[in-house]
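The structure appears right after this line, and notes come after that.
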Amino acid sequence: MTEDTQKTKISDFRSGDTVKVHYKIIEGGKSRIQPFEGIVISKRGEGESKTFTVRKIGVGGIGIERIFPLFSPNIEKLDVLKHGKVRRAKLFYLRGRKGKEAVKIKSA
């Protein structure tokens, strides 16, 4: 896969979208794919060093955030599950919310 096709394959999401990132994890000699599903709260950076942050609510209502490099070879697949309608580029205000309120975003 060329770099141009990977850029177009991954870069069609925005802040507020609910995504599922299939990320390849290498432990010892074995590798496995671990899905991480949550809301994109920010995209930042320039060129190949672009990153995006995904936030989900884990067990016990604890917020889990993970930063992914946009053009990482370890991202197997990125599914956009739901497009969100937001007015901000950075959704850091979701960090202060609890429970169901922390994952509520209007649908586009």
Side-chain angles (χ1 to χ4, degrees):
M1 182 183 316
T2 64
E3 192 175 321
D4 292 333
T5 57
Q6 184 165 359
K7 278 185 185 180
T8 57
K9 184 181 86 168
I10 289 181
S11 62
D12 56 348
F13 65 95
R14 309 172 25 174
S15 288
D17 292 352
T18 303
V19 296
K20 185 180 249 185
V21 183
H22 298 271
Y23 201 72
K24 189 191 309 178
I25 293 177
I26 300 163
E27 294 174 331
K30 297 178 183 176
S31 70
R32 62 186 174 90
I33 295 174
Q34 182 182 43
F36 190 88
E37 182 180 331
I39 298 171
V40 177
I41 62 168
S42 74
K43 283 174 84 172
R44 66 182 304 269
E46 288 292 321
E48 292 188 5
S49 64
K50 269 188 180 173
T51 61
F52 63 99
T53 305
V54 180
R55 179 180 174 84
K56 74 174 185 178
I57 303 299
V59 178
I62 296 171
I64 301 163
E65 288 185 12
R66 199 152 168 203
I67 300 170
F68 295 100
L70 188 60
F71 303 117
S72 170
N74 291 331
I75 295 178
E76 289 293 315
K77 188 166 63 166
L78 190 137
D79 299 328
V80 178
L81 305 176
K82 195 167 73 173
H83 290 286
K85 181 183 176 189
V86 292
R87 295 182 178 186
R88 311 251 176 290
K90 308 284 192 260
L91 305 179
F92 298 138
Y93 63 87
L94 292 177
R95 292 174 176 165
R97 296 185 175 183
K98 292 183 178 157
K100 218 180 247 189
E101 197 179 62
V103 293
K104 263 191 188 170
I105 290 183
K106 292 178 184 171
S107 294

**Q.** Closest non-hydrogen atom pair between I75 and L70, with its separation
**A.** CD1-O, 4.1 Å
**Q.** K82 side-chain N/O to I105 backbone N/O, donor-acceptor pair under 3.5 Å
**A.** no
Q. Can you check whether F52 reaches D17 side chain to side chain, under 4.5 Å on heavy atoms?
A. no
Q | Sequence-distant partners of T53, side-chain hydrogen bond (donor to acceptor under 3.5 Å, both in side chains), two or more places apart | A | S42
Q. Hey, does L91 have a side-chain heavy atom less than 4.5 Å from the side chain of R55?
A. no
(Q) Give me the atom names and distance for the closest heavy-atom approach of I26 to S31. (A) CG1-CB, 3.9 Å
(Q) So I57 and K100, do their side chains get closer than 4.5 Å, heavy atoms only? (A) no
**Q.** Interatomic distance, L81 atom CG to E37 atom CD [nearest 0.5 angstrom]
**A.** 5.0 Å
Q.
Does atom CZ (R44) have a neighbourhood of more than 12 heavy atoms from anything else shown, all under 6.0 Å?
A. no
Q.
Using every non-hydrogen atom in the two residues, find where G45 and K50 come nearest and quote the distance to one decimal.
A. O-CG, 3.6 Å
**Q.** Heavy-atom side-chain proximity of Y23 to F68 below 4.5 angstrom
**A.** yes
(Q) Looking at R95, I want to see if its CZ is surrounded by more than 12 non-hydrogen atoms of other residues, nucleotides or ligands under 6.0 Å. (A) yes
(Q) Tell me every residue that passes salt bridge (charged side-chain N to carboxylate O under 4.0 Å, His left out) with E101, counting only those two or more places apart in sequence or in another chain. (A) none
Q: Search all heavy atoms of S107 against all heavy atoms of K85 and return the closest pair with its distance.
A: O-CB, 4.0 Å
**Q.** Residue pairs passing the salt bridge (Lys or Arg N to Asp or Glu O under 4.0 Å) test where at least one lies in residues 26-36, sequence neighbours excluded
**A.** E27-R32
